Structures are given as structure tokens and as C-alpha cells.
Amino acid sequence: MIQTIENIIPESHQDFLLSKVTDLRFDWHFMPDVTYVEEGEGHNTPGFAHVLINGQKRSGQEDMFMAPLNEYLYRTNQKLSALHRMRLGCLLANCDQEHNNKHIDFNFEHKVGLYYLNDSDGDTLVWDDDIVTKVSPKKGRFFVFDGKFPHASSCPKEHTTRIVLTYNFSTR
């Protein structure tokens, strides 16, 4: 299951979310590797993250970023049973690899939803057996795939940043 929806939320809301995460008062935290790989285990790409939800831990700002996922659930007539993690990621034009480390976020049944906050390059790649799906970051785009599929981000080369909101969730 791989699905892409353009302009999942109204453009005014897209602009609002982008302005929030690019404001100097927004807390971004340095990550030595954006895919949580330990030092020396593959190609480490540094970047920045803001974790909104991780298990039971909440940042207090998660409600502001729920609209893309809520709209997806509404349009597909699904109900959220669990939101395992919700994380903002900011990649910089600091890597010349084809893509970052290929990985799976969690080893249990779930879905991955990516909401792209800005127009950029630096595709997301998803591997389903021998088929590789590439999706380019486009402001307002929502991309969903089965969490069992290995995937990888790519750093921008033509743009300075690539900002993505990742939802790891389960539905009923």
C-alpha cells in the first residue's frame, strides 16, 4: 500500500505550519544521524529533529501538527488506533550520497505518513521487493506507505533544506 495525496490541507494551513517550524523560536535538536543509526553503522547524515510524540512522551505542540494525518484518516475512512511517533525532520544540503540509510522505523505492523512542509529535492525512496518508489518533497504532499517497507530519505542538493513531518501510526 503506497498512496500520495497532493495538498492534503489548505494552502493557508500549509503556510502556517511552515512558518512555525522556520521561526527562530522553534526548537530544533541536532541528530548525528537522521535515521538513528549508531556511529559507524553505514553512512551517517547529520540533521535536525523535533520529536512531537514518542510513545507516551508528548512535546505539548503535537496538536498543532495533526491536521495532515487527521485529513488523511478522514478521506480514507480510517480510525487512528495508535500514534507511535510523530517527528519533524530537517535535512540540509550536506550529503552527496544517493540516499541516507535504508531502514524500517518499527518492527511491528504500522503505517508511515510523510507530510512535506516545503518544496525541495531529496526524494524519499521506498522498497517493496524489487520495486523502488521515489517521491519528491512538495509542499502540502502527504505520502503514506506500509511500515514494513524499507525506506530512506535523501538530502537536498538544489535546495538548502528539506522539512518533513513523519507519522508512525496504526489504524483500525
Side-chain angles (χ1 to χ4, degrees), residues 2-5 8-9 13-14 16-23 25-39 41-73 80-92 94-95 99-118 120 122-126 135-156 159-171:
I2 294 179
Q3 191 174 14
T4 303
I5 301 171
I8 190 77
I9 57 176
H13 201 141
Q14 295 173 35
F16 170 77
L17 293 179
L18 182 59
S19 71
K20 285 294 180 188
V21 303
T22 55
D23 188 285
R25 294 168 290 192
F26 192 79
D27 290 326
W28 286 100
H29 304 276
F30 177 75
M31 295 182 67
D33 184 72
V34 295
T35 56
Y36 297 98
V37 171
E38 295 296 321
E39 194 68 35
E41 292 183 27
H43 174 75
N44 296 104
T45 302
F48 294 89
H50 181 102
V51 179
L52 296 157
I53 294 176
N54 193 7
Q56 296 302 313
K57 294 181 184 176
R58 302 289 194 259
S59 72
Q61 295 185 21
E62 62 275 5
D63 289 347
M64 182 184 336
F65 295 94
M66 285 299 296
L69 179 60
N70 287 338
E71 183 62 23
Y72 167 77
L73 295 169
L80 186 67
S81 61
L83 184 52
H84 311 290
R85 184 171 63 198
M86 190 162 96
R87 179 185 81 136
L88 285 155
C90 179
L91 286 174
L92 307 174
N94 61 348
C95 171
H99 58 77
N100 296 316
N101 293 316
K102 184 176 171 179
H103 65 282
I104 294 173
D105 294 339
F106 295 105
N107 288 318
F108 54 80
E109 190 174 319
H110 71 287
K111 295 176 185 177
V112 177
L114 302 177
Y115 172 72
Y116 298 100
L117 280 91
N118 67 327
S120 185
D123 290 350
T124 300
L125 290 81
V126 178
V135 174
S136 297
K138 183 175 185 292
K139 184 178 178 183
R141 179 175 283 163
F142 195 73
F143 175 50
V144 182
F145 56 93
D146 193 310
K148 70 181 178 186
F149 297 150
H151 56 279
S153 59
S154 301
C155 292
H159 293 81
T160 56
T161 59
R162 173 189 186 270
I163 305 172
V164 178
L165 175 54
T166 302
Y167 303 90
N168 297 103
F169 65 100
S170 298
T171 58

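None of these values were measured; they are calculated from a predicted model.
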- Glu71 and Phe142: side-chain contact (heavy atoms from CB on, under 4.5 Å), yes or no, with the steps? CA-CA 10 Å; Glu71 183 62 23; Phe142 195 73; over 6 Å; no

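- Counting only distance, with no hydrogens or angles, the side chain of Gln61 and the backbone of Leu52 share no donor-acceptor pair below 3.5 Å.
- Between the CG atom of Asn101 and the CG atom of Asn44 there is a distance of 6.5 Å, given to the nearest 0.5 Å.
- Ring geometry for Phe108 versus His84: interplanar angle over 60°, hence perpendicular rather than tilted (30 to 60°).
- The only member of Thr171, Asn168, Asp146 that meets side-chain contact (heavy atoms from CB on, under 4.5 Å) when paired with His110 is Asn168.
- Here the straight-line distance linking atom OH of Tyr115 with atom CD1 of Ile163 works out to 11.0 Å at 0.5 Å rounding.
- Here the side chain of Ser81 pairs a donor or acceptor atom with the backbone of Ser170 at under 3.5 angstrom.
- The shortest side-chain heavy-atom distance between Val135 and Leu114 does not fall under the 4.5 Å cut-off.
- Here the NZ atom belonging to Lys102 is positioned 13.0 Å from the OG1 atom belonging to Thr35, to the nearest 0.5 angstrom.
- Interatomic distance, CZ of Phe65 versus CG of Leu17, reported as 5.5 Å (0.5 Å rounding).
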- Test side-chain contact (heavy atoms from CB on, under 4.5 Å) on Ile53 and Arg85 and set out the steps. CA-CA 5 Å; Ile53 294 176; Arg85 184 171 63 198; 5.8 Å; no

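- Smallest separation of non-hydrogen atoms from Cys95 and Thr45: SG-OG1, 4.0 Å.
- When side chains are defined from C-beta on, Val51 does not count as touching Ser59, because their heavy atoms never get closer than 4.5 Å.
- For Ser120 (side chain) and Thr161 (main-chain N/O), a donor-acceptor pair under 3.5 Å exists by modelled atom type.
- Judged by distance alone, the side chain of Trp28 and the main-chain N or O of Leu88 form no donor-acceptor pair under 3.5 Å.
- Closest non-hydrogen pair, Gly122 versus Arg162, comes out as O-NE, 2.6 Å.
- In this structure, the side chain of Asp123 does not engage the main chain of Leu125 through any donor-acceptor pair within 3.5 Å.
- Summarising the geometry, atom CG belonging to Leu80 is positioned 7.5 Å from atom CZ belonging to Phe169; distances are rounded to the nearest 0.5 Å.
- Remark: side-chain polar atoms of Asn94 are paired, donor with acceptor, to backbone N or O of Pro46 under 3.5 angstrom.
- The aromatic rings of Phe30 and Phe48 sit perpendicular, their planes meeting at an angle over 60°, well past the 30° parallel limit.
- Within 6.0 Å of CG on Asn107 lie no more than 12 heavy atoms contributed by other residues, nucleotides or ligands.
- Contact between Leu165 and Met86 at its shortest, heavy atoms only, is CD1-CG, 3.9 Å.
- Using a 30° and 60° split on the angle between ring planes, Phe143 and Phe145 fall in the tilted class, from 30° to 60°.
- The local environment of NZ in Lys139 is crowded, with over 12 non-hydrogen atoms from other residues, nucleotides or ligands closer than 6.0 Å.
- Closest heavy-atom contact between Ser136 and Tyr116: O-CE1, 4.4 Å.
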- Query: Step by step, would you call Met31 with Arg87 a side-chain contact (heavy atoms from CB on, under 4.5 Å)?
  - Reply: CA-CA 12 Å; Met31 295 182 67; Arg87 179 185 81 136; 3.2 Å; yes

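- Between His151 and His103, the side chains place a donor N or O and an acceptor N or O closer than 3.5 Å (distance only, hydrogens not considered).
- Of all non-hydrogen atoms in Val164 and Leu117, the two that sit nearest each other are C-CD1, 4.0 Å.
- The nearest pair of heavy atoms linking Phe26 to Lys20 is CB-O, 3.3 Å.
- For Glu62 (side chain) and Gly60 (main-chain N/O), a donor-acceptor pair under 3.5 Å exists by modelled atom type.
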